[in-house]
Each structure stands twice: as structure tokens, then as C-alpha cells.
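The structure under discussion appears below in the form of C-alpha cells.
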2 protein chains.
Amino acid sequence: MLDTDILFGVKLKKISESITSQIAKLLIKQNVEFEPRALPVLLVLKEKESVNINEIAEILGMTHPAIVQITNHLNKVGFIKHNKSTIDKRITLLELTEKGTRNLTLLEPLIVGIQNTVKSIINEIDSNLIYSISKLGKAIGNNILMNRVLDELRQKDLAEITIVPFKRKYKSDFKLINREWLKKYFEDEGLEKEDERFLNNPEKEIINKGGEIFFAILNNKVVGTCAVIKIDDFSFELAKMGVTEKAQGKQIGKKLALTAIGYAVDKGVVKLKLYTSEKLVAAINLYKNLGFKEKVKKDDHRYKRALIYMELDLSG
Amino acid sequence: MLDTDILFGVKLKKISESITSQIAKLLIKQNVEFEPRALPVLLVLKEKESVNINEIAEILGMTHPAIVQITNHLNKVGFIKHNKSTIDKRITLLELTEKGTRNLTLLEPLIVGIQNTVKSIINEIDSNLIYSISKLGKAIGNNILMNRVLDELRQKDLAEITIVPFKRKYKSDFKLINREWLKKYFEDEGLEKEDERFLNNPEKEIINKGGEIFFAILNNKVVGTCAVIKIDDFSFELAKMGVTEKAQGKQIGKKLALTAIGYAVDKGVVKLKLYTSEKLVAAINLYKNLGFKEKVKKDDHRYKRALIYMELDLSG
DNA sequence: ATTATTTACGTAAGTACTTACATAAATAAT
DNA sequence: ATTATTTATGTAAGTACTTACGTAAATAAT
């Protein structure tokens, strides 16, 4: 089996299934009249004399409907009887019938045998195992796992980032964010004409021509952006990808790019192109990670700084 | 929860269910398009590129129909595609679609978060646990548990003892076995008249009067016997219970008595009586264990040696 | 005393698997 | 070359639970 911790639960289930099914086979060999799954309930009843449904459910860590189903079955085969409590009329008290007691007594050697064997198999592996599993059972309850994962994601703000499409109110953010990285990396060169055209008229130049602009929102503030520009019916360009410095390292670029790719796929696009610069190392790695391949530029591009050309094939 | 080793499997299942359901909740929070149970399959696919159904089943330790169901679902939501192998036309090769890859990439922070959290929760409890569980998974396969239990029972002959009702061919055994213990414990007194009557004519004196005699068979030989004698429609007597010395300690007396009690219950008997002697300590303990209560003798009984009178109430 | 909430149980429907069985293609045995 | 066996997948039905929801009785709150 794939040994990933995330699959630990799957592995536990398999072991549990294996134990349960082997015990079931042993019970069937003994021609017991009850369904094997009722054994745990019978063991509780044997121990406790008179208990109600909720108590059994709690003792076994199961839900009450499960116990209702099992006890109805045990009643039908005559192993237990149901008595309504006179003190509290909601409560159903359960106890073994004479037949139930007798049959359980007959099963005692088998039960002891299973008990001993389970214990010895476990002890041969790790004498601490039963104790550790008990602790794990207590530790993992109450959605502890879920909450810890959420906390971890929240610390990285990963859980709070939303990606939304273009709205007019984001127009200024679009310009701001792109200016930020352009200035940082290409201060000397300054903004090119093409930059100005897109940044000043995103609606006219991108949206109305069949493209889209996505914005990453964190705490109600725009922290990243990314545009998809339509070239023709089969190819779009990924451009104007930027994340504010403060918000970097939160996978925002990846989320934006993935949303953009999803958009392109929905539009039936076969090829997604992009132009970037060797200066933007992190971006290039992200693109490669997403499946973009570097190709030789076929044509001179509009931007002087763009020396690297990449393509993502979406025809699969 | 009741801390019996026999319920170890139940406990494992609960932990597994808890882990799985918490991961499912996290996935649902992220609005994934696939059913949570498909995650393990997706993780395999992410790792392996192109695999077939049986391979996934083996990697995850599940049956192939489970994988068929999950992969059909993943295909329907567009996360994977099915390709028939050209080399072997039976084989279905599975691989992630672009959409599947993209969505998995988007989930990566969550998956890493779960991975880390599961690992740390487990390590906080017992750094050896994952390894021990892995070993247990391997150790418990192939019906090892079942076979070891069967071996244990077989060593005590517990699995091989059969209880059968009276047949003529057992008549001599009935006499022999009862003589054995009568001689051992009551040598001086010798056989009483009542003994002779029952031992010499079991059919006439017991069977034909609505009673029954049970025999315990081990390796085709009679090793124990026990009679139920009808007193009236509501009360029977348990008598002539004996197990050969060689076969003692195998719970044969208990099995015989339980069969006898079952017979009485089937006949609608309300009270099962027996007379025994204080010399027979083991027998008295067995009777008590089965629910018989000692009462004061109401009448002088037929046997001089019988000083103890017991009753079992079957009206419950 | 009345109303609201909680508790104990019951029922229906869903989930995530399993076992059992069927079929076509590939491989092994004759 | 046939026939038998094995393998890879598919399908139906069963198992052992769960969640979601409903009801009546008990308890708490006003």
C-alpha cells in the first residue's frame, strides 16, 4: 500500500475489516444464530446485565441507530428482551434472555480464544499498540484533525484567499499591482506602450475582446491579479500576472494561474501562451510547474523585455 | 469504550471513520467536485501517471469493484480519463485529465496540511505507531487471526466436540461412563438400585418417558453423557452427567449441560432440577455457573448420596 | 403552569465498502 | 490448434455502518 500518512485512515480501516471479517467467519463456523456484527453488543450485555440503547452506543463508540438495528435483530432471534423503564418511559432497558445467556456461555471458549489471539498478535508487534491506539482514538475526536488543518491553512492565509473575475472597482488595483512588479524588475526600462494600453483600459482591451481578468482577494483587499487575453478562438495569452510583495509566498500566483487556465479550458482554448522575462525566476518556475513548456519565439513580441516564450497545451 | 482486545477492530474502525470524515469535511469546505472517498485514488493517479484498475486496488488494499465505482465517478466529473490498452485489450489505463491535474494542484496546500497534521498528531502519541500499524496490517492478513484461534481451540479439542442425542449404539457408553464416576466417588456405597434401573434401560426409563440423553463425541468416541428426565410437563431433572477422566478439562460437561438446558427450554419446561453430592465440587461449580441455585430438599430423594438439591428457573 | 429545550429512541435514506457472480481477453496446458 | 485456466474488468446485491429527521417523554426556564 502507498505509505502516505494521509492514507493512515484507510490502512486502519483495512485492518479493522480484516479483524472483523475473521471473527465473523469464526462465529459462522460455530453456527451462531445472530449476525456477527452483534457480538460487541452481546459482550456489553453480558458484562452489564441491564443497559439502555444509548448506553451501549456510548460504550461501543457507535451511533444509537446502529444499536437500535442490532438490538432489534437480537430480539428477533430471542437473545435479548426489551423492557420499557417504568421510571422514565423513554428508556428501553435491554437484557439477555436465558437463551442468550446460554448461547453466550457456549461461545465462551471461542471468545476467550479470540481475545487471547488478538492480544498476542498485537503484543508480538508492539506491546504499546493497544494503549497508543486508545490514546489516538481520544486525541482525534471532536474534529481536532480538521481544526488543526484549518488553523495551519489560516496561518498561511491559504484558506482565506478568494479569486474573483473582473469588476470595475478593481480597475485601479489592476494598474497598481502590475506597476509594482514592473517597477521593481524593469525600473530602468520604464513602462512600455503596450503596458499602458492594457493597464489603462482593461475593460476595453481585455474583457470586451473576450478575455478575462482575475483578482485575488485577501481580507477584502486585492493582493494579486492575472489576465487572460484572447488571441483567437483557439489560443489565449496569460499576462499581467502579479502579486503584491506583502502577500507573496501564499500560493496566490498559482491560484490565479489555475483559475485562468480553468477559464481558458471552459472557452475551448487549445493553447495558452505567455511571454515573460528571465528575470522573473519564481514566475517561470510556477509556469513550468503548471505544465507550460518553453518554446522558441516565433515572432518578435510586443514587449522588449519579454525574452522567454512558453506554451501550455490544453488539447488533452 | 469497553476496553476488550476483542473490540480492538471496532476501535480501529472508529478512528478510521473519524479521520476519513474529517478529511471529507475539509474537502467539502474547498468545494471539490469529486466525492471525498475518491481522494486516495486521485493521490495514486497523481503519483503514478498511468495505472490500471487492479493496480490501484492493490496499492490501496481495496477490492477492484470499489476502484471501478470510484474511477467511474472521477471520469464522470472529468478528473480522469479511461483508455483501453492496445497491447492487452482487457486493461483499462487511467490517467488524470488536465482538469484533474489542475484541481489537484489547487488542493495541494490542503493535502500537505492534512499530511503534516496527521503525521504530527500520531507522532505526539507514539512515534512508532505508523510503523507498528503497517506491521499489524501485514501480520493480520491471510486469515492468520482466524487460523490461530482455530488452532488454539483444536489443541483443546474444543472445536471437535459434537453433542448428539440418544442412539441405541450409545447405550453401553451411557452405562460405562456413569459407572466410572460412580465408582470413583462412591466406591464404598456401590451402585444404588435407581442407578441400575436407569443405566440398564435408558430407552425405556428416560427416552420413552419424554426425556433425552445427550452424548459428547470426540474423535468418534463417546467421552461424556448427560440425561434429561421428565418429571412432569413443567419440570425436568438433569441427571447422569459424566465425562470420562481422559477428556476432562475441555468444557465437555458445560456443553452437555447447555444442550440439555436448551432441550428443556424447547419443551417449554419451567424448572430444571438436579440432585448431586457435595463430593462433586467441579460439577457443583458448573451448575452454579449455569445459573442453578441451591435449594433445600423438599422431599427425600431416591439416591442416598444426593445431599444437594439445585434448581434452574427457565420461566424468563 | 406554560413554554422551551433536551433526551431517548425510532425510521428512512445515504455512504463506502464488500462478496458473489459474469464475461471477454490472454495465457498455459494438452 | 484446442481446450482449460487465469486475469482484468464489470455489475448486482449485500453489509455495516452513518447522517438527517421525527416524535414522545422528561427537564429546565420563564
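Below, read A as the first sequence line, B as the second, and so on, with proteins coming before strands; counting in each chain starts at 1. Side chains included, hydrogens not; waters and symmetry mates left out as well; all remaining heavy atoms used.
Residue order along DNA chain C, read from the 5' end via each residue's closest nucleotide, puts D88(A) first among P65(A) and D88(A). Between R90(B) and I70(A), the residue anchored nearer the 5' end of DNA chain D, judged by the nucleotide with its closest heavy atom, is R90(B). Comparing P36(A) and K89(A) by the nucleotide of DNA chain D whose heavy atom lies nearest to each, the residue mapping closer to the 5' end is P36(A). Residues K84(A) and I87(B) both approach DNA chain C. Their nearest nucleotides, taken by heavy-atom distance, put K84(A) toward the 5′ side.
To the nearest 0.5 angstrom, I28(A) atom CD1 is 12.0 Å from I23(A) atom CD1.
Contacts of R102(A) classified as side-chain contact (heavy atoms from CB on, under 4.5 Å), with partners at least two apart in sequence or in another chain: E98(A), K99(A), L258(B), I261(B), V265(B). Partners of N83(B) under the side-chain hydrogen bond (donor to acceptor under 3.5 Å, both in side chains) rule, at least two apart in sequence or in another chain, are E95(B).
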- request: For the pair T92(B) and N52(B), evaluate side-chain contact (heavy atoms from CB on, under 4.5 Å) and give the outcome as yes or no after the intermediate values.
  value: CA-CA 5 Å; T92(B) 307; N52(B) 64 41; 5.6 Å; no
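Under the 4.5 Å side-chain criterion, counting only non-hydrogen atoms from C-beta, L107(B) is not in contact with L42(B).
Using a 4.0 Å cut-off between charged nitrogen and carboxylate oxygen, D151(B) and R154(B) count as a salt-bridge pair. With respect to R148(B) and E124(A), a salt bridge is recorded, a charged nitrogen being found less than 4.0 Å from a carboxylate O. Salt bridge status for K46(B) with E108(B): present, with a side-chain N to carboxylate O gap under 4.0 Å.
When all heavy atoms are compared, the tightest approach of V10(A) to L60(B) is CG1-O, 4.0 Å. When every heavy atom of E33(A) is checked against every heavy atom of V77(A), the shortest pair comes out as O-CG1, 3.7 Å.
Between H64(B) atom NE2 and dT11(D) atom C1' the separation is 9 Å, expressed in whole Å. In this structure, I91(B) atom CD1 and dT6(D) atom C1' are separated by 13 Å, rounded to whole Å. Following rounding to the nearest Å, E55(B) (CD) and dT7(D) (C1') show an atom-to-atom distance of 13 Å. With rounding to whole Å, N72(B) atom CG is found 10 Å from dT9(D) atom C1'. One interatomic measurement links the two molecules: CG of N54(B) to C1' of dT6(D), which rounds to 12 Å at whole-angstrom precision.
Across all strands, T92(B) comes closer than 4.0 Å only to sugar-phosphate atoms, never to a base (heavy-atom distances). I67(B) comes within 4.0 angstrom of no nucleic acid atom, judged by non-hydrogen atoms across all strands. Residue contacts shown for Q69(A) include a base, since a base heavy atom lies under 4.0 Å away. The residue L94(B) sits apart from the nucleic acid: no heavy atom pair falls under 4.0 Å.
Bounding nucleotides for the chain B contact on DNA chain C, 5' to 3', at a heavy-atom distance below 4.0 Å, are dA16(C) to dA26(C).
Near-neighbour residues of DNA chain D inside residues 20-27 of chain A, defined by a heavy atom below 4.0 Å, are absent.
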- line: Applying the Watson-Crick and G-U criteria (both distances under 3.5 angstrom) with [ ] for crossing and | for other-strand pairs, one obtains for DNA chain D ||||||||||||||||||||||||||||||
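Remark: the backbone N or O of S16(B) is paired with a side-chain donor or acceptor of T20(B) at under 3.5 angstrom.
The salt bridge (Lys or Arg N to Asp or Glu O under 4.0 Å) contacts involving residues 62-80 of chain B comprise nothing, where partners must be two or more places apart or lie in separate chains.
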